[in-house]
Amino acid sequence: MEPMDIIGKSKEDASLPKATMTKIIKEMLPPDVRVARDAQDLLIECCVEFINLISSESNEVCSREEKRTIAPEHVLKALQVLGFSEYIEEVYSAYEQHKLETMHDLAKSVKWGNGAEMTEEEALAEQQRMFAEARARMNGGATAPKQPDPEQSLES
């Protein structure tokens, strides 16, 4: 039984973006080398099958450890089990680089246009303002009635 049959999806449902894969393939080859369309399709199918194989084995490793979430170490162990030990160091290095880039992107996304960070209170106030605007748009431009302030009703 193929991995795709197990999860109930056809091969068309689980593919990689052709344009992205073609770009990756071309970047890896000398500029004077051309790749036939059938060869590109075959390479894409190989990549999908490789991902299915690694995912399946990672799931097995995860299950053996009685975990429910596949972690990076499960993927690395799957590579070892499947005989791809020579790639583990490079894969781990790429993973570490990805973590650094993600942390850098996250740090940039926390800041607003002027470079100042928002406090939790400012973020909450901004969120409430945005919700109010959305409610007003949903009500056809009419502003939604304000909810009574629970602190004020206690004082009355």
Side-chain angles (χ1 to χ4, degrees), residues 1-120 122-141:
M1 180 180 294
E2 293 185 35
M4 296 312 299
D5 294 336
I6 294 170
I7 58 175
K9 294 188 177 195
S10 67
K11 286 186 184 268
E12 291 81 32
D13 291 339
S15 187
L16 297 169
K18 223 173 204 177
T20 303
M21 294 303 298
T22 300
K23 181 181 176 200
I24 292 170
I25 292 166
K26 286 182 179 179
E27 286 176 356
M28 302 314 291
L29 299 173
D32 60 330
V33 174
R34 293 174 29 155
V35 181
R37 182 159 286 142
D38 288 347
Q40 287 180 7
D41 292 343
L42 180 59
L43 283 168
I44 292 169
E45 281 299 314
C46 288
C47 290
V48 169
E49 287 303 316
F50 182 74
I51 291 168
N52 287 334
L53 179 68
I54 297 296
S55 299
S56 179
E57 187 60 38
S58 298
N59 186 49
E60 291 294 320
V61 170
C62 183
S63 294
R64 283 193 293 270
E65 293 182 10
E66 297 180 0
K67 303 283 184 181
R68 292 179 49 128
T69 302
I70 296 173
E73 50 271 7
H74 298 134
V75 176
L76 296 172
K77 179 67 175 174
L79 286 169
Q80 180 184 9
V81 168
L82 292 168
F84 296 106
S85 297
E86 69 265 20
Y87 296 103
I88 291 175
E89 189 174 319
E90 188 174 342
V91 168
Y92 186 76
S93 176
Y95 167 65
E96 288 293 317
Q97 180 65 33
H98 171 74
K99 278 193 337 188
L100 287 173
E101 290 170 6
T102 302
M103 288 187 339
H104 178 68
D105 291 346
L106 181 61
K108 284 172 59 177
S109 71
V110 169
K111 296 184 179 186
W112 286 77
N114 63 3
E117 291 186 30
M118 292 180 80
T119 65
E120 188 174 342
E122 291 170 330
L124 183 59
E126 179 67 10
Q127 181 184 37
Q128 293 302 323
R129 184 191 64 75
M130 293 168 71
F131 282 151
E133 286 178 3
R135 273 193 297 275
R137 283 193 305 272
M138 293 297 293
N139 292 331

Side chain proximity check, [X] to [Y], heavy atoms < 4.5 angstrom:
X: Met103; Y: Leu100; answer: yes
X: Ile44; Y: Lys18; answer: yes
X: Val61; Y: Lys67; answer: no

Roughly how far apart are [X] [atom1] and [Y] [atom2], rounded to 0.5 Å?
X: Ser93; Y: Glu96; atom1: OG; atom2: CD; result: 8.0 Å
X: Ile25; Y: Thr20; atom1: CD1; atom2: OG1; result: 10.5 Å
X: Lys26; Y: Arg34; atom1: NZ; atom2: CZ; result: 9.0 Å

Thr102 vs Lys99, side chain to side chain contact (heavy atoms under 4.5 Å, CB included): CA-CA, chis, key distance, verdict: CA-CA 5 Å; Thr102 302; Lys99 278 193 337 188; 5.7 Å; no
Using ring-ring contact (aromatic ring centres under 6.0 Å, His included) as the criterion, list what pairs up with Phe131, not counting sequence neighbours.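 Per chain and number, Phe131 pairs via ring-ring contact (aromatic ring centres under 6.0 Å, His included) with no residue.
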What is the minimum heavy-atom distance between Thr69 and Cys62, and which atoms define it?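 Between these two residues, the closest heavy atoms are O-SG, 3.4 Å.
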Any idea which heavy atoms bring Ala78 and Ile54 closest together, and the distance?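 Heavy atoms of Ala78 and Ile54 come nearest at CB-O, 4.1 Å.
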The criterion is side-chain hydrogen bond (donor to acceptor under 3.5 Å, both in side chains); which residues satisfy it with Arg129, sequence neighbours excluded?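 side-chain hydrogen bond (donor to acceptor under 3.5 Å, both in side chains) check on Arg129 returns Glu126, Glu133.
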Apply side chain to side chain contact (heavy atoms under 4.5 Å, CB included) to the pair Glu57 and Glu60, showing each step before the final yes or no. CA-CA 5 Å; Glu57 187 60 38; Glu60 291 294 320; 4.1 Å; yes
Heavy-atom count check: over 12 atoms from other residues, nucleotides or ligands less than 6.0 Å from Arg68 CZ?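 No.
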Atom CD of residue position Glu120 - does it have more than 12 heavy atoms of other residues, nucleotides or ligands inside 6.0 Å?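 Counting other residues, nucleotides and ligands, CD of Glu120 stays at 12 neighbours or fewer.
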Under 3.5 Å, is there a donor-acceptor pair between the side chain of Ser63 and the main chain of Asn59?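 Yes, Ser63 side chain to Asn59 backbone: donor-acceptor pair under 3.5 Å.
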Please list all pairs passing the side chain to side chain donor-acceptor pair (under 3.5 Å) test where one or both residues lie in residues 74-89, with sequence neighbours left out.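 Qualifying pairs: Glu65-His74.
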